[in-house]
Amino acid sequence: MKVKNPILTGFNPDPAICRAGNTYYIATSTFEVYPGICIHESKDLVNWKLVAHPLKTLQIDMTNNPPSSGVWAPDLTFRNGMFYIVFSNVETFSKGPIKDCYNYLISSHSIKGPWSRPVFINASGFDASLFHDEDGKSYFVNMEWDYRGIKGSPCFTGILVQEIDLKTATLIGKAHKIFSGTKRGFVEGPHIYKRNDYYYLFCAEGGTGYNHAESVSRSKLIYGPYELHPNELILSSKDTDAYLQRAGHASLVNGKEDGWFIAHLCSRPIDQKCILGRETALQNIIWKEDWPYLAHGSIVPRDYYEVNKEVEVMDFNQDITYDFLSERFDLDFQTLRIDMSSYVKKTRNAITLIGKQSFNSNYLQNTWQRRQQHFNCEFGCRVSFEPSYFGHMAGLIYRYQEGDFYLLYSTYDEEKGQVLRLHAEHEFQPEYFKESILPYKGDISLKIRVHGKDAQFYYALDQEKFYPFGPVLDATKLSDQFVTHGGFTGAFFGLYASDSLYACKEATFSKVYYKKL
């Protein structure tokens, strides 16, 4: 059976795949989005469902972390009935050559927790992972960041391996540098596996853009020396017109009767802009002379993979109207940097946001957002709001990060009373497409419809007849390739409320839905 890629659509990068018994799990990065880490589950390697955010009750402080910092590249492993996750909380990365990246370890007997409190391991580099050897020893693996190089590839100086005591969460002995990467540069995302007495080191290389790739090397000894794969790279879309671009950052799993697979990140660009961010795909793996290869004989990823069974394929995200007391709402909607549950009130049919800081704040912004997961989709809500000050704002936001978003919101004008306004920003430079018009009183329905690179806001006063509001907007501006200072996330739809007067004005949202068109 052929299964269409990607398997995790929308912003779901840096996949770490593992198997526990007959169940498969993939952990992906969340960056500044709270709660950190998304874990998807599958029983059949075909249908993947979001089931957990392991950092939900573990207070990792991301206050004032810049956009695209925070939780990078979680690694998920399973050993002797215990799940382990190591992850980085990157707090400084875009200014100068310094990266402040603290690596932590958590563990749990259940994928849904409770998880142990995060224990600090080291800070020598990001993209940490664990390898559990057959002799009972475990090893901590991460890339090394050396600020003395100029900003860029020379700072990626290699892969470090150090033994770790999982019972005490302490490193043992010294770190060994086992690999410095290929000429592609930017070596990161390391994972170690063992098969037929060989240790295999999988590494992401080439950066996260269109040069991205995955290399493999092997050794008979954990600390090396490692020899490169005969092809050096086993995965890359560089300089091709492949459907899945930016392929790299892969992890390996034995799918039992279905064979071996790698999970890898990828993107599907529109005009070279990746609105949906970096997604996750699967590829079949075969082994030749104890080396892994993509099963179809190329290093370019396919837009499908194969399993040895017939399974009904389901899209869990294509048509949802939210119950605000459900687990589904808690899993799909995330806040920015910190837990904002103290600033909401929920019933089954409505959620009330207490207005806090502005859409440019890295501290206390009350935005509840979910991923855009289809190129053609619609997100909408009903807003009940009574502003009495121009700093009262509530509405629907389509965003990439602070300084890069579109916002249709209700607010107050001293001459007109309650009005609807459209606000857009790029690199913190405001672009007002339509402002201070449509005076009204009471509730209003808002929605945004996206078709590829075109996005259009709509409003309705009677919940039935919708009218366009403002021009057709460019959705490609909400992408990694458009933001000037570099980004690693993707487009989100969200509910937003702020109050720059007393920080207490409430806005109630109901009939919140997301659907594939």
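These numbers come from the heavy atoms of this one structure, side chains and all, not from hydrogens, waters or symmetry mates. Here the structure is a predicted model, which means the values were calculated and not measured.
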Measuring centre to centre across the rings, with the benzene-like ring taken for any Trp, is Phe379 within less than 6.0 Å of Tyr513? no

Is there a side-chain contact between Glu279 and Ile7 in this structure, where contact means two heavy atoms from C-beta onward sitting under 4.5 Å apart? no

Will you find, in the side chains of Thr367 and Gln369, an N or O donor that is under 3.5 Å from an N or O acceptor? no

Return yes if some donor-acceptor pair links the side-chain N/O of Asn308 with the main-chain N/O of Glu257 below 3.5 Å, else return no. yes

Between CG of Asn142 and CG of Asp75, what distance do you get to the nearest 0.5 Å? 11.5 Å

May I ask you to decide if Asn47's main-chain N or O and Asp44's side chain share a donor-acceptor pair within less than 3.5 Å? yes

What I want to find out is whether Arg399 reaches Asp404 closely enough, with some N-O distance under 4.0 Å, to be called a salt bridge. no

Can you confirm if the aromatic rings of Tyr293 and His229 lie within a centre distance of less than 6.0 Å? yes

Could you tell me whether the side chain of Asn89 reaches within less than 4.5 Å of the side chain of Cys101, counting heavy atoms only? no

Under 3.5 Å donor-acceptor, Glu32 side chain and Leu336 backbone: no

Check the surroundings of atom NZ in Lys309: do more than 12 heavy atoms from other residues, nucleotides or ligands lie under 6.0 Å from it? yes

Please step through side-chain contact (heavy atoms from CB on, under 4.5 Å) for the pair Ile192 and Val161, ending with a clear verdict. CA-CA 10 Å; Ile192 293 179; Val161 176; 3.9 Å; yes

So, does Thr508 use its side chain to make a donor-acceptor pair with the main chain of Thr352 at under 3.5 Å? no

Does the side chain of Asn349 pick up a donor-acceptor pair with the side chain of Lys511 at under 3.5 Å? no

Answer yes or no: is there a donor N or O on one side and an acceptor on the other, between the side chain of Asp339 and the main chain of Lys56, under 3.5 Å? no

How close do His212 and His249 get, counting heavy atoms only, and between which atoms? NE2-N, 3.4 Å

Side chains of Pro190 and Asp127: does their closest heavy-atom pair fall under 4.5 Å? yes

Are the charged groups of Asp323 and Arg328 less than 4.0 angstrom apart, N to O? no

Does Gln283 reach the main-chain N or O of Phe261 with its side chain, forming a donor-acceptor pair under 3.5 Å? no

Name the residue from Tyr84, Phe78, Phe140 that meets the ring-ring contact (aromatic ring centres under 6.0 Å, His included) definition with His132. Tyr84

Under a 4.0 Å threshold between the charged nitrogen and the carboxylate oxygen, would Glu402 count as salt-bridged to Arg337? yes

Enclosure of Lys256 NZ (heavy-atom neighbours >12, cutoff 6.0 Å): yes

Taking the ring of Phe316 and the ring of Trp48, is the distance between their centroids below 6.0 Å? no

Quick one: does Ile164's side chain get under 4.5 Å of Ile172's, heavy atoms only? no

Can you find a heavy atom in the side chain of Ile26 that is under 4.5 Å from one in the side chain of Thr28? yes

Before giving the answer on side chain to side chain donor-acceptor pair (under 3.5 Å), spell out for Glu205 and Thr182 the whole-Å C-alpha distance, their side-chain angles and the decisive distance to 0.1 Å. CA-CA 8 Å; Glu205 300 205 35; Thr182 71; 2.8 Å; yes

State the OG1-NZ distance between Thr92 and Lys99, to the nearest 0.5 angstrom. 10.0 Å

Looking just at side-chain N and O atoms, do Gln245 and Ser237 make a donor-acceptor pair shorter than 3.5 Å? no

Could you check whether Tyr193 and Tyr200 have their ring centres less than 6.0 Å apart? no

Tyr343 atom OH, over 12 foreign heavy atoms within 6.0 Å: no

Checking side-chain contact (heavy atoms from CB on, under 4.5 Å) for the pair Tyr398/Val450: CA distance, chi angles, key distance, verdict? CA-CA 10 Å; Tyr398 183 33; Val450 181; 3.9 Å; yes

Just checking Arg117: does its CZ atom have more than 12 heavy atoms from other residues, nucleotides or ligands closer to it than 6.0 angstrom? no

Tell me whether Thr476 contacts the main-chain N or O of Lys453 through its side chain, where contact means a donor paired with an acceptor under 3.5 Å. no

Under 6.0 Å between the ring centres of Phe31 and Phe488? yes

Using 0.5 Å steps for rounding, measure from the CZ atom of Arg370 to the CD atom of Gln372. 9.5 Å

Output, in order, the C-alpha distance, side-chain angles, deciding distance and verdict of side-chain contact (heavy atoms from CB on, under 4.5 Å) for Asn284 and Trp260. CA-CA 6 Å; Asn284 297 93; Trp260 291 78; over 6 Å; no

Is Lys2 close enough and on-axis enough to Tyr304, meaning under 6.0 Å and within 45°, for cation-pi? yes

Between the NZ atom in Lys346 and the CG atom in Asp330, the distance rounded to the nearest 0.5 Å is 4.0 Å

Using modelled atom types only, decide if a donor and an acceptor are shared between the side chain of Thr170 and the backbone of Asp165 within a distance under 3.5 Å. no

Look up atom CG in Asn103 and atom OG in Ser124, then write down how far apart they are to the nearest 0.5 Å. 6.5 Å

Between Asp258 and Glu306, is any pair of side-chain heavy atoms under 4.5 Å apart? no

Provide the closest heavy-atom pair for Leu407 versus Gly395 in the form atom of the first, atom of the second, distance. CD1-C, 4.4 Å

Is the distance between the ring centroids of Phe179 and Tyr226 less than 6.0 Å? no

Heavy-atom closest pair (Tyr363 atom, Thr63 atom, distance to 0.1 Å) is CD2-CG2, 3.5 Å

Quick check, are the ring centers of Trp72 and Phe87 under 6.0 angstrom apart? no

Expected output: side-chain His296 to main-chain Val300 donor-acceptor under 3.5 Å: yes

Where Ser29 and Val71 come nearest, the two heavy atoms and their spacing: CB-O, 3.8 Å

Between His53 (side chain only) and Ile37 (backbone N and O only), is there a donor and an acceptor less than 3.5 Å apart? yes

Just wondering, do Arg79 and Ser138 contact through their side chains at under 4.5 Å, heavy atoms? yes

Could you walk me through whether Val483 and Tyr400 satisfy the side-chain contact (heavy atoms from CB on, under 4.5 Å) test, starting with their C-alpha distance in whole Å, then the side-chain angles of each, then the deciding distance to 0.1 Å, before giving a yes or no? CA-CA 9 Å; Val483 298; Tyr400 181 88; 3.8 Å; yes

Step-by-step salt bridge (Lys or Arg N to Asp or Glu O under 4.0 Å) determination, Asp290 to Arg218: CA-CA 9 Å; Asp290 283 326; Arg218 74 181 185 188; 5.1 Å; no

Quick check on side chain to side chain donor-acceptor pair (under 3.5 Å): which of Gln373, His374, Glu378 does Tyr514 satisfy it with? His374

In Å, rounded to the nearest 0.5 Å, how long is the span from CD of Glu91 to CG of Asp100? 7.0 Å

Answer yes or no: are there more than 12 heavy-atom neighbours, outside Lys273 itself, under 6.0 Å from its atom NZ? yes

Check: Asp14 and Thr280 side chains under 4.5 Å, non-hydrogen atoms: no

Aromatic centroids of Tyr322 and Phe333 separated by under 6.0 Å: yes

Lys49 and Glu41 ion-paired at < 4.0 Å: no

